Amino acid sequence: MAQIQWFPGHMAKARKEVQARLKQVDVVLEIVDARVPESSRNPMMNQIVGQKPRIMVLNKQDLADPAKTKLWLDHFRAAGDEAIAIDAQHAKRLNQLPALAKQLMAAKIAKQKARGIRNPAIRAICIGIPNVGKSTVLNRLVHKNIAVTGNRPGVTKNQQWLAVDDTFQVLDTPGILWPKFEDELIGQKLALTGAIADAVFQEDTVGMFGLATFRRLYPEQFRVAYGLNATDMALSDSDLMVHLSQKNGFGADYNRMAERIIFDARQGKLGRYTLEIPADFEAHDDDAR
């Protein structure tokens, strides 16, 4: 697969701005895609955030495998961070975020109250790579369409403070990818789930990756979604792509079938799925922070 790279100029600027803003921030809300919780983390952010209290927010839990989501929540908590799984689109569990942030900052709040501050305000920064749902999270929190949203990467371009209530504010930031994917597999996962602009990858390669991955991890979901039988499922990946293309009326236009698989994966038409588990990254844990 041709190496996927996507690092627009505004992202480099945003990275510097996030670093500058951290001094004003009490808590970091790191939004990740629950379908790819580790691959959708920007490794540069570990260096930028440092020791700031952090809440790992696994968004799009409605599209993810529930059993694997639990593994990831346990993993992040064991690493010392708070963690919560949400469905920002439907505002599920979002009301727990301010309470969780205030819980993390309980000691600071107590000190401020001891100094006579009646309603100490907690300030959080919302970070994450493109299209993990940061702006949707914020809009649902403030009950207004203040943060710009869009089901494509790179929508948010500026930073702005949003008031959730009198005691909790959140800073929205643009999604920031990193300049180079050291692991080609990460680029494939992010392309399949929609974190990378479609113009920078080849649909046929990512579609084939999706086909092979679903056959390996969720074969029954894949079989049912496309009306396949046991004989079909016994085909090689390439032969199955040919079969699916013909079956769906695309003939020899295999790119269209690849695009269909990508679309179906992103829209949840292939069922709930998670493409990775914590054990996949155990060898890298020592370098993660």
Side-chain angles (χ1 to χ4, degrees), residues 1-8 11 32-37 39-40 59-65 68 87 89-90 129-133 135-136 149-155 175 177 180-181 183-276:
M1 178 179 182
Q3 197 166 47
I4 298 173
Q5 304 300 341
W6 190 57
F7 197 64
M11 290 187 181
V32 298
D33 188 325
R35 298 169 296 178
V36 282
S39 293
S40 60
N59 192 26
K60 306 186 182 183
Q61 69 157 3
D62 57 312
L63 300 175
D65 182 327
K68 292 182 180 178
D87 169 12
Q89 190 65 40
H90 302 98
I129 70 171
N131 209 28
V132 292
S135 295
T136 301
T149 64
N151 189 26
R152 65 186 191 281
V155 172
L177 280 170
K180 181 180 180 182
F181 300 121
D183 186 345
E184 182 180 294
L185 182 59
I186 291 176
Q188 293 172 329
K189 291 176 184 177
L190 296 180
L192 182 65
T193 54
I196 300 173
D198 291 348
V200 302
F201 64 81
Q202 296 177 326
E203 288 87 353
D204 59 341
T205 305
V206 175
M208 183 63 77
F209 165 75
L211 179 150
T213 301
F214 271 93
R215 291 187 72 187
R216 177 171 56 87
L217 298 179
Y218 299 96
E220 184 61 15
Q221 290 179 197
F222 190 82
R223 185 192 69 76
V224 172
Y226 293 118
L228 301 172
N229 57 38
T231 301
D232 300 331
M233 293 294 287
L235 295 171
S236 67
D237 290 344
S238 56
D239 286 344
L240 182 55
M241 180 66 81
V242 170
H243 174 70
L244 283 170
S245 185
Q246 295 171 345
K247 178 182 174 67
N248 285 275
F250 301 139
D253 191 350
Y254 310 129
N255 277 352
R256 290 186 62 189
M257 188 62 223
E259 291 172 358
R260 167 76 179 273
I261 291 172
I262 295 170
F263 176 84
D264 289 346
R266 292 178 181 177
Q267 298 300 313
K269 296 181 182 297
L270 302 183
R272 299 176 69 169
Y273 66 93
T274 300
L275 301 182
E276 55 198 30

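Computation of the quantities below employed the complete heavy-atom set of this structure, encompassing side-chain atoms and omitting hydrogens, waters and symmetry-equivalent molecules. Predicted, not measured: the structure shown is a model, and the values here were computed from it.
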Would the distance check show the side chain of [X] and the main-chain N or O of [Y] forming a donor-acceptor pair, the cut-off being under 3.5 Å?
{"X": "Thr274", "Y": "Asp65", "answer": "yes"}
{"X": "Gln221", "Y": "Phe214", "answer": "no"}
{"X": "Asp239", "Y": "Leu235", "answer": "no"}
{"X": "Glu203", "Y": "Ala258", "answer": "no"}
{"X": "Ser40", "Y": "Asp33", "answer": "yes"}
{"X": "Arg223", "Y": "Asn229", "answer": "no"}
{"X": "Arg256", "Y": "Phe250", "answer": "no"}
{"X": "Gln246", "Y": "Ala252", "answer": "no"}
{"X": "Tyr273", "Y": "Ala265", "answer": "yes"}
{"X": "Arg35", "Y": "Leu275", "answer": "no"}

Determine whether [X] and [Y] make a side-chain contact, defined as any pair of heavy atoms from C-beta on separated by less than 4.5 Å.
{"X": "Gln188", "Y": "Val206", "value": "no"}
{"X": "Asn248", "Y": "Met257", "value": "yes"}
{"X": "Leu240", "Y": "Leu228", "value": "yes"}
{"X": "Leu211", "Y": "Leu244", "value": "yes"}
{"X": "Tyr254", "Y": "Val242", "value": "yes"}

**Item:** Steps toward side chain to side chain contact (heavy atoms under 4.5 Å, CB included) verdict (Arg272, Leu63)
**Value:** CA-CA 5 Å; Arg272 299 176 69 169; Leu63 300 175; 5.8 Å; no

Kindly compute the distance separating [atom1] ([X]) from [atom2] ([Y]), expressed to the nearest 0.5 Å.
{"X": "Leu192", "Y": "Arg266", "atom1": "CG", "atom2": "CZ", "result": "7.0 Å"}
{"X": "Thr213", "Y": "Asp237", "atom1": "OG1", "atom2": "CG", "result": "9.0 Å"}
{"X": "Asp204", "Y": "Ile261", "atom1": "CG", "atom2": "CD1", "result": "11.0 Å"}
{"X": "Glu276", "Y": "Lys189", "atom1": "CD", "atom2": "NZ", "result": "3.5 Å"}
{"X": "His243", "Y": "Asp232", "atom1": "NE2", "atom2": "CG", "result": "3.5 Å"}

**Asked** What closest approach, in Å, do Gly251 and Ser245 show between heavy atoms, and which atom pair accounts for it?
**Response**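 Smallest heavy-atom distance, with atoms named: O-OG, 2.8 Å.
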
**Message:** If I compare all heavy atoms of Ala225 with all of Leu270, which pair ends up nearest, and what's the gap?
**Reply:**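 Smallest heavy-atom distance, with atoms named: CB-CD2, 3.6 Å.
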
**Prompt:** Which of parallel (below 30°), tilted (30 to 60°) and perpendicular (above 60°) describes Tyr226 and Phe222?
**Reply:**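 Tyr226 and Phe222: perpendicular rings.
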
**Request:** May I ask you to decide whether Lys60 forms a salt bridge with Asp87, counting only side-chain N to carboxylate O separations under 4.0 Å?
**Result:**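 No, Lys60 and Asp87 are not salt-bridged.
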
**Prompt:** Among all residues two or more places apart in sequence or in another chain, which pass the salt bridge (Lys or Arg N to Asp or Glu O under 4.0 Å) test with Arg260?
**Reply:**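 Applying salt bridge (Lys or Arg N to Asp or Glu O under 4.0 Å) to Arg260 gives Asp264.
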
